[in-house]
Visitor: 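I am attaching a structure below and will ask some questions about it afterwards.
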Amino acid sequence: MIKNIALGVFLLVSSLYAAQNTAMSGAEAKAFVTKVSSETQQIKTLQSDFTQTKKMDFLDKNIVTYGKMSLKSPNMLSWRYTKPYQYSIVFKENKIFINDQGKKSSVDAKSKTFEKINKLIVGSSNGKMFNDPEFTVAYFKNGSHNIAKFTPKSTQLLKYIKQIELYFPKNQSTVSQVNMLEASGDTTNILFKNTQINAPIPASEFSL
């Protein structure tokens, strides 16, 4: 179950736009981290529609799903898949709450894997993810985005994830795309759109 949840929540098409990406200089990386960390300190809530595309070796067609992500500082995170099926995951109070088309369950989120994944996603809204000691971070850029690539250091997390990429449009400090390369070789990609910052989020968004 843990593996399925981890792979269902996070997404990555590793090396997307890789041919155009170039490594940042030390000064560029420092300026980028400083800017994102400073500007995201003001974010209390974040909401966005998303499109998730998962590519698996044994399937001829990609799996495409749609939904909405909601985040509330300091550590509440909700993923609600709405098409082509309904599936919700809420990270709250060190637990993961799941609603799979009406079937509800919960999982302890204090394991190293979920603690770090949740921390990274939440940290993408406040700039704190750059300082997570569990990851090695490399910085790249292309004509439209700044990119931070996170490689897990722990063997436990590497069992599930080889690399996570966060894409930041040049004109903003919030993530517009998350890519994930899974240990199996499968890739997942999430594109965010219609992002709202500091808009009110009803408590029901974090309840299942």
Side-chain angles (χ1 to χ4, degrees), residues 9-18 20-51 68-79 90-94 109 112 114-154 157 161 163-181 189-203 205-206:
V9 175
F10 305 98
L11 332 127
L12 177 190
V13 159
S14 133
S15 77
L16 187 65
Y17 306 128
Q20 301 125 322
N21 295 343
T22 57
M24 291 186 188
S25 67
E28 288 175 326
K30 183 177 180 180
F32 165 67
V33 170
T34 299
K35 180 177 184 293
V36 172
S37 298
S38 175
E39 293 183 0
T40 54
Q41 289 298 316
Q42 307 305 315
I43 296 178
K44 302 303 180 185
T45 68
L46 187 69
Q47 299 174 84
S48 184
D49 298 325
F50 67 81
T51 301
K68 183 175 183 178
M69 183 273 289
S70 299
L71 184 152
K72 186 174 182 179
S73 180
N75 57 6
M76 290 198 293
L77 179 65
S78 168
W79 295 85
V90 173
F91 291 78
K92 183 174 64 172
E93 299 172 353
N94 290 321
K112 277 286 185 180
F114 282 113
E115 179 186 359
K116 294 306 174 185
I117 293 176
N118 188 37
K119 186 177 179 181
L120 182 62
I121 298 298
V122 173
S124 70
S125 71
N126 58 27
K128 293 181 179 179
M129 73 287 198
F130 298 123
N131 299 319
D132 194 320
E134 291 286 340
F135 293 89
T136 298
V137 189
Y139 301 95
F140 296 83
K141 62 181 180 178
N142 59 36
S144 58
H145 291 81
N146 294 314
I147 305 124
K149 297 185 179 183
F150 295 78
T151 302
K153 294 180 181 179
S154 71
L157 197 51
I161 301 169
Q163 189 175 75
I164 296 175
E165 300 175 349
L166 302 182
Y167 279 69
F168 298 79
K170 288 289 182 68
N171 63 344
Q172 69 182 56
S173 295
T174 54
V175 175
S176 65
Q177 177 175 316
V178 178
N179 294 335
M180 186 172 72
L181 175 61
N189 163 264
I190 288 186
L191 293 176
F192 297 102
K193 64 178 182 179
N194 303 324
T195 298
Q196 300 181 62
I197 296 174
N198 291 337
I201 300 179
E205 197 67 25
F206 302 100

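We number each residue from 1, following the sequence as shown. These numbers come from the heavy atoms of this one structure, side chains and all, not from hydrogens, waters or symmetry mates. Since this is a predicted model, take the numbers as computed values, not measurements.
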Visitor: Apply the test side-chain contact (heavy atoms from CB on, under 4.5 Å) to residues Lys35 and Ser173: give CA-CA distance (whole Å), side-chain angles for both, the deciding distance (0.1 Å), then the verdict.
Guide: CA-CA 7 Å; Lys35 180 177 184 293; Ser173 295; 3.4 Å; yes
Visitor: To check you understand the geometry: which heavy-atom pair defines the closest contact between Phe206 and Val90, and what is its length?
Guide: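 So the minimum-distance heavy-atom pair works out to O-CG1, 3.5 Å.
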Visitor: If we only count heavy atoms from C-beta on, is the Phe130 to Asp132 side-chain gap below 4.5 Å?
Guide: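 Counting from C-beta outward, Phe130 and Asp132 never come under 4.5 Å.
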Visitor: Can a donor-acceptor pair be found, under 3.5 Å and without considering hydrogens, that links the side chain of Thr34 to the backbone of Lys30?
Guide: yes
Visitor: Please give me the minimum heavy-atom distance between Val175 and Phe192, naming the atom from each residue.
Guide: O-CD1, 3.8 Å
Visitor: Just how far is it from atom CD1 of Ile43 to atom CD1 of Ile197, taken to the nearest 0.5 Å?
Guide: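 Spacing of CD1 (Ile43) from CD1 (Ile197) equals 4.5 Å.
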Visitor: Of Phe32, Phe140, Tyr167, which meets ring-ring contact (aromatic ring centres under 6.0 Å, His included) against His145?
Guide: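 Of Phe32, Phe140, Tyr167, ring-ring contact (aromatic ring centres under 6.0 Å, His included) with His145 is met by Tyr167 alone.
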Visitor: At their closest point, which heavy atom of Pro169 faces which heavy atom of Thr174, and how far apart are they?
Guide: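 Residues Pro169 and Thr174, closest heavy atoms: CD-O, 3.6 Å.
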Visitor: Would you kindly say whether Gln196 and Asn194 are connected by a side-chain donor-acceptor distance under 3.5 Å?
Guide: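 No, no side-chain donor-acceptor pair sits under 3.5 Å.
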Visitor: Between the main-chain N or O of Leu157 and the side-chain N or O of Ser154, is there a donor-acceptor pair closer than 3.5 Å?
Guide: yes
Visitor: Do any N or O atoms from the side chain of Ser48 and from the backbone of Lys193 form a donor-acceptor pair under 3.5 angstrom?
Guide: yes
Visitor: Could you walk me through whether Trp79 and Phe50 satisfy the ring pair (Phe, Tyr, Trp, His ring centres under 6.0 Å) test, starting with their C-alpha distance in whole Å, then the side-chain angles of each, then the deciding distance to 0.1 Å, before giving a yes or no?
Guide: CA-CA 9 Å; Trp79 295 85; Phe50 67 81; 5.2 Å; yes
Visitor: Looking at Asp49 and Met69, would you say the former's side chain and the latter's main chain have a donor-acceptor pair under 3.5 Å?
Guide: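 Answer holds: no.
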Visitor: Testing the basics here: between Gln163 and Glu165, what is the closest heavy-atom pair and its distance to 0.1 Å?
Guide: OE1-OE2, 3.4 Å
Visitor: For Lys141, what residues pass the salt bridge (charged side-chain N to carboxylate O under 4.0 Å, His left out) criterion, not counting sequence neighbours?
Guide: Glu28
Visitor: Quick one about Ser78 and Ser70 (side-chain donor to acceptor, distance below 3.5 Å, no hydrogens or angles considered), yes or no?
Guide: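 No, no side-chain donor-acceptor contact under 3.5 Å.
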Visitor: For a quick test of reading the model, state the closest non-hydrogen atom pair linking Pro200 to Gln47 and the distance between them.
Guide: O-NE2, 3.5 Å
Visitor: Would a 4.5 Å heavy-atom cut-off, applied to side chains only, mark Gln177 and Ile147 as touching?
Guide: no
Visitor: Where the side chain of Thr45 meets the backbone of Ala199, is there a donor-acceptor pair that is under 3.5 Å apart?
Guide: yes
Visitor: With side-chain contact (heavy atoms from CB on, under 4.5 Å) as the test, would you mind laying out the steps for Thr195 and Leu46 before giving the verdict?
Guide: CA-CA 7 Å; Thr195 298; Leu46 187 69; 3.5 Å; yes
Visitor: Can you check whether Phe150 reaches Met129 side chain to side chain, under 4.5 Å on heavy atoms?
Guide: yes
Visitor: Taking the side chain from Asn21 and the backbone from Asn142, do they hold a donor-acceptor pair closer than 3.5 Å?
Guide: no
Visitor: If every non-hydrogen atom of Leu71 is compared with every non-hydrogen atom of Ile201, which pair is closest and at what distance?
Guide: O-CD1, 3.6 Å
Visitor: Kindly confirm or rule out a cation-pi arrangement of Lys153 over Phe135, judged by NZ or CZ under 6.0 Å from the six-membered ring centre and within 45° of its axis?
Guide: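 No.
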